Asks: 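One structure coming up, written as structure tokens, with questions to follow.
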2 protein chains.
Amino acid sequence: MSTKGEKTRAEIIASAKTLFYERGYAGTSFSDIVDAAGIYRGNIYHYFKTKDEILQAVVDQRLDEFRALLAQWEAQSSQPKERLRLFVNMIAGRKNDLVRYGCPIGTLNTELAKEQRELQQSSKALFDLFCDWLTSQFAALGHAKEARSLALHLLCRAQGISVVSHVYEDAKLLKREVGKLGTWLDEL
Amino acid sequence: MSTKGEKTRAEIIASAKTLFYERGYAGTSFSDIVDAAGIYRGNIYHYFKTKDEILQAVVDQRLDEFRALLAQWEAQSSQPKERLRLFVNMIAGRKNDLVRYGCPIGTLNTELAKEQRELQQSSKALFDLFCDWLTSQFAALGHAKEARSLALHLLCRAQGISVVSHVYEDAKLLKREVGKLGTWLDEL
DNA sequence: GTCTATATAATGATAGAC
DNA sequence: GTCTATCATTATATAGAC
């Protein structure tokens, strides 16, 4: 667990994270990862026994990043509606990546849910993270009873925007739909 | 182009269609297809030179099926709002497959849009088919100016429902969200 | 912890006898 | 149009020298 080893490990995870997002999990090979990480072929097995283990490490890192983001939103405002707006605004803020590669959470889960339900279990945690947080915000807004239902509705809307604007590579469509989502939030 | 050859070809397409849907395009190999079709390994190349050609044939067949479905809806009602309701009802009607494998159009496009934009061009036609038809219905409903925007909004909503209920394998969520979509249509 | 060589299985794809 | 054998390539994965 020297400094050098930790750095190599971090580079593998960083490369895999990007590649899984840009090419998909099945579309990314060990060769792709070691090439991107700038390490030697067999070396990757010193850190990860299987491709699944790499995925787990990538998911864990994304979980950490998103937890930090949620903490930042909570620090930014104590108003639940304001916080929900930060979630909606994030979609527009990330429009370039969303339009090019889709939602990193949605596309990963969509791929893994097809025929690898065991593998998908870990990536589903990314959905749960946002779902739980959104549920808390809707509850704080006074919709305790239907908080989870509203959170899932918002996730559906966000995912739908990501899918269609990704398919059509259409940032204008994304912004228009995010606007409608903001209106829905206002009128709640 | 004998009867037997046509039958073999049809079996390849049918097997590939199911496998691409259930396992994804990258997740399906030639071996999988020939095994499912019950033909011999090399034989598939008599009908299709590449995997891409098989995908094209699968997409063409889906296009034919969906065109027939749209024609059926048009025959079923002359009221645009009734027709739009048939679209929304289709989601609930196909909930078992949607919850297990996602939307056959959305998941295919999501996968191919990642790093194979050329390949995705053909599968995008499936989206266009529905988008154009929905646009016509919204126009006939008196929303000529924003017909396309409404059609894309409906597609976003439908895709979002498919993604999230697929990820959570949750048919109840799907039905609840389809209900909300029906309300949106009513209040239009 | 790094690097080279290699094993083994699966991939997409072909050639040619029948 | 059917079937067998096989190719070249790539994949995941390992062993072992350094």
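Letters go in sequence order (proteins before strands), and every chain restarts at 1. Worth saying up front: this structure is predicted, and the values here are computed from it rather than measured.
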Asks: Can you tell me the distance, in whole Å, between the CG atom of A:Asp32 and the C1' atom of D:dT10?
Replies: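 Whole-Å distance recorded here is 11 Å.
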
Asks: Surrounding NZ of B:Lys172 (heavy atoms of other residues, nucleotides or ligands, distance under 6.0 Å), is the total greater than 12?
Replies: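 No, NZ of B:Lys172 has 12 or fewer neighbouring heavy atoms, counting only those of other groups under 6.0 Å.
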
Asks: Regarding A:Phe30, tell me which of base, sugar-phosphate or nothing describes its non-hydrogen contacts under 4.0 Å with the strands shown.
Replies: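 Contact class for A:Phe30: sugar-phosphate only.
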
Asks: Counting heavy atoms from C-beta on, name the nucleotide in D:dG1, C:dA13, C:dT2 closest to the side chain of A:Tyr47.
Replies: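 Per side-chain heavy atoms of A:Tyr47, the pick is C:dT2.
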
Asks: Once the angle between the rings of B:Phe20 and B:Tyr25 is folded into 0 to 90°, is it parallel (under 30°), tilted (30 to 60°) or perpendicular (over 60°)?
Replies: perpendicular

Asks: Does NZ or CZ of B:Arg100 come closer than 6.0 Å to the centre of the six-membered ring of B:Tyr21, within 45° of the ring's axis?
Replies: no

Asks: Counting only heavy atoms not in B:Lys180, do more than 12 sit closer than 6.0 Å to its NZ atom?
Replies: yes

Asks: Considering only heavy atoms, which members of residues 50-60 of chain A lie under 4.0 Å from some atom of DNA chain C?
Replies: none

Asks: Fit a plane to each ring of B:Trp184 and B:Phe138, take the angle between them on a 0 to 90° scale, and name the class: parallel (under 30°), tilted (30 to 60°) or perpendicular (over 60°).
Replies: perpendicular

Asks: Rounded off to whole Å, could you give me the CD1-to-C1' distance for the A:Ile12 and C:dT2 pair?
Replies: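 Result: 12 Å.
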
Asks: Nearest whole Å is fine: how far is D:dT12 P from A:Lys49 NZ?
Replies: 18 Å

Asks: Taking atom P of D:dC3 as reference, at what distance in whole Å does atom CG of B:Asn43 sit?
Replies: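 Those two atoms, CG and P, are 7 Å apart.
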
